[in-house]
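Hydrogens, waters and symmetry mates are skipped; everything else that's a heavy atom, side chains included, is used. Below, chain A is the first sequence line, B the second, and so on; all start at residue 1.
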2 protein chains.
Amino acid sequence: MVAAIKSGKSGSRGEPEKTRAAILKAALEEFAHEGVTGARTDEIARRAGVNKALLYYYFKDKEGLYAAALDQVFSGLHERVASVLERPDLPPRERLLLYAQTHFDYIASAPVYPRLVQREFMRSAGRALSPAASRIMERHGKPLYSRLEKLIEEGISAGDFRKVDPIQTVTSIIGTIVFYFISMPAQHFMHAGDPASPERIAARRAAVLDFICAAIFTPAAAQKVCKP
Amino acid sequence: MVAAIKSGKSGSRGEPEKTRAAILKAALEEFAHEGVTGARTDEIARRAGVNKALLYYYFKDKEGLYAAALDQVFSGLHERVASVLERPDLPPRERLLLYAQTHFDYIASAPVYPRLVQREFMRSAGRALSPAASRIMERHGKPLYSRLEKLIEEGISAGDFRKVDPIQTVTSIIGTIVFYFISMPAQHFMHAGDPASPERIAARRAAVLDFICAAIFTPAAAQKVCKP
DNA sequence: TATTATTAACTAACCAGTTAATTAATGGTT
DNA sequence: AACCATTAATTAACTGGTTAGTTAATAATA
């Protein structure tokens with residue numbers, strides 16, 4: 001099989017980054033489908049096509065593997081969304097719309113992502129989250145949330161948005177964007193056909209943007225943005 | 001423990017219905033917090049204050065116990081919501097509002113419910129749902145969903161609602177109602193204080209109704225309903 | 001005495017994590 | 001340009017703790 005990659009370390013056999021990536025991908029899917037406790041390490045190894053011991057070689061734990069999967073999803077979202085939220089050139093109405101599109105498209109690119117995140121969001125009411133999950137939420141979750149709240153406040157000041165409760169509104173927006181995807185198995189059950197098909201996703205996208213605009217924009221702001 | 005109830009069957013010791021109910025309640029909480037696979041039957045028995053073997057005596061399986069818990073939550077919702085959806089005396093705008101309030105209040109009465117349901121909604125992408133879950137969804141999920149879709153259509157015809165896609169809109173509405181509750185641990189993490197406190201719930205309730213109305217109602221319909 | 005409710009103790013399967021051995025590449029030494 | 005020590009990557013097979021589910025005995029009621 002062709003030439004070997006110029007691996008940095010000495011004594012490296014095979015293609016470790018590829019192996020690592022394969023494990024991470026398999027873990028992501030298994031965790032999203034089955035949950036942390038429901039996921040089986042044997043199954044993850046099987047999906048990745050590697051020996052189970054490699055999971056523990058690359059990632060300490062099952063929990064460590066989970067944290068890595070969660071971190072990848074969250075940092076990917078953060079990266080994309082943060083850049084559009086920091087665009088002072090755009091008025092709040094357009095920034096919000098662009099955010100919603102970006103968030104939606106990121107999720108749509110891998111419909112399994114939000115289920116992983118939602119599973120984390122649902123984790124344990126009374127008890128605390130795992131240290132790893134806390135760090136991820138601290139680094140990615142909180143900044144995003146508070147940045148969005150600030151955006152709502154700016155929009156209200158600018159007269160783009162109705163006078164709504166910023167905190168509650170952010171929750172409603174995210175819920176609208178995300179709910180279709182985290183309920184996909186149910187969607188599949190309710191309506192025939194594949195809910196992840198491009199046409200269905202496109203329909204959902206349009207509906208989400210329309211719903212959010214109508215819910216938040218003032219009539220004046222609504223007129224200014226042409227609905228794509 | 002006063003006088004014993006007049007139990008129907010002969011040879012009955014203790015109070016079986018109470019025991020059954022205690023098990024079901026404990027199971028409901030454990031399943032909602034930990035998921036089906038994460039839930040521990042020993043823990044359910046401990047919480048219910050009964051011997052573990054009783055779980056298998058009253059409910060066949062762990063899966064059977066889960067199905068019973070899910071059924072209770074779903075049928076409770078169905079019962080309450082169906083009655084308000086079948087009120088031809090109310091115009092669509094008021095019926096929708098009443099539905100949203102009813103759904104919200106049902107969930108708020110036991111904030112653990114929607115997490116149980118959401119866990120089921122997320123279950124397995126490719127594979128099918130369990131037979132028991134399928135039956136429950138068939139009996140409660142589908143009727144509710146299609147009744148809501150019909151309501152949206154009626155509202156559009158009546159000029160109460162904007163011209164929206166009924167199917168997508170139902171998903172958005174449910175998402176808005178439910179998302180706060182299924183993300184409670186995350187809410188707790190993002191904002192200090194108890195997200196299940198009466199004040200927070202009240203604030204959420206007002207915001208949800210406002211969000212939904214603004215998103216769906218035509219200006220004319222919005223004026224007709226006074227926001228409570 | 002038959003039936004129902006309840007329990008303590010047991011078991012068999014499952015599954016996260018380990019270990020010890022193996023294979024391959026690298027780089028330095030002659 | 002052959003050799004070999006070192007290190008990284010990978011595996012088959014094993015282990016020990018956990019946990020869903022069982023069983024056989026027992027207590028209470030009718």
Side-chain angles (χ1 to χ4, degrees), chain A residues 1-28 30-31 33-70 130 132, chain B residues 1-28 30-31 33-70 130 132:
Chain A
M1 44 170 66
V2 291
I5 33 76
K6 37 185 164 183
S7 54
K9 298 285 176 179
S10 83
S12 131
R13 169 158 72 123
E15 288 162 298
E17 3 272 290
K18 266 197 185 175
T19 310
R20 211 191 120 99
I23 293 171
L24 201 53
K25 191 191 168 199
L28 219 137
E30 175 77 357
F31 281 133
H33 289 337
E34 311 296 336
V36 197
T37 51
R40 299 292 157 232
T41 54
D42 292 87
E43 177 63 16
I44 295 175
R46 201 194 56 76
R47 279 207 210 200
V50 302
N51 187 278
K52 186 172 59 148
L54 281 188
L55 314 197
Y56 301 90
Y57 180 72
Y58 286 104
F59 311 89
K60 214 188 332 278
D61 260 333
K62 189 191 193 185
E63 194 69 28
L65 182 51
Y66 171 71
L70 196 66
S130 71
Chain B
M1 44 179 67
V2 289
I5 34 77
K6 37 185 166 182
S7 55
K9 296 287 175 179
S10 83
S12 132
R13 169 158 72 123
E15 288 163 297
E17 2 272 288
K18 269 196 182 174
T19 311
R20 210 191 121 99
I23 293 171
L24 200 53
K25 191 189 167 199
L28 218 137
E30 176 77 357
F31 281 133
H33 288 338
E34 311 296 337
V36 199
T37 50
R40 298 291 157 233
T41 54
D42 291 270
E43 176 63 15
I44 294 175
R46 201 194 57 74
R47 280 206 209 201
V50 301
N51 187 277
K52 185 172 60 146
L54 282 187
L55 313 197
Y56 300 91
Y57 179 72
Y58 285 104
F59 311 88
K60 214 187 336 274
D61 259 334
K62 188 191 193 186
E63 195 70 27
L65 182 51
Y66 171 70
L70 196 66
S130 71

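- Salt-bridge annotation for B/Glu17 and B/Arg20: absent, with no side-chain N of the basic residue lying under 4.0 Å from a carboxylate O of the acidic one.
- For C/dA5, neither phosphate oxygen OP1 nor OP2 lies less than 4.0 angstrom from any side-chain nitrogen or oxygen of B/Thr19.
- In terms of phosphate contacts, A/Thr41 brings no side-chain nitrogen or oxygen within less than 4.0 Å of OP1 or OP2 of C/dC15.
- Taking atom NZ on A/Lys18 and atom P on D/dA9, their separation rounds to 15 Å, with Å as the unit.
- Between the CZ atom of B/Arg46 and the C1' atom of C/dA8 there is a distance of 18 Å, rounded to whole Å.
- Taking the side chain as every heavy atom from C-beta outward, B/Leu24 and B/Leu65 approach each other to under 4.5 Å.
- Distance CD (A/Glu43) to P (C/dC14): 14 Å, rounded to an integer number of Å.
- Identified under the side-chain hydrogen bond (donor to acceptor under 3.5 Å, both in side chains) test for residues 50-68 of chain B, with sequence neighbours left out: B/Glu63-B/Arg123, B/Tyr66-B/Glu120.
- Heavy-atom distances under 4.0 Å link DNA chain C to A/Lys52, A/Ala53, A/Tyr56, A/Asp61, A/Lys62 of residues 49-63 of chain A, given in residue order.
- Minimum heavy-atom separation, B/Phe59 to B/Gly64: CB-C, 4.3 Å.
- Taking atom CD of A/Glu15 as the reference point, atom C1' of C/dA24 lies 13 Å away to the nearest angstrom.
- Between the CD atom of A/Glu30 and the P atom of C/dC15 there is a distance of 10 Å, rounded to whole Å.
- Residue B/Ala39 is classed as a sugar-phosphate contact, given heavy-atom separations below 4.0 Å to backbone atoms only.
- Partners of A/Arg40 according to the salt bridge (charged side-chain N to carboxylate O under 4.0 Å, His left out) rule, which considers only residues two or more places apart in sequence or in another chain, do not exist here.
- Scanning both residues, B/Ala48 and B/Ala22, for their nearest heavy atoms gives CB-O, 3.7 Å.
- Atom P of nucleotide D/dT19 and atom CZ of B/Arg40 are separated by 5 Å, given to the nearest angstrom.
- Of all heavy-atom pairs between A/Ile23 and A/Val50, the closest is CG1-CG2, 3.9 Å.
- Between the CD1 atom of A/Ile44 and the C1' atom of C/dG17 there is a distance of 13 Å, given to the nearest Å.
- Atoms CD (A/Glu34) and P (C/dA16) sit 12 Å apart, rounded to a whole Å.
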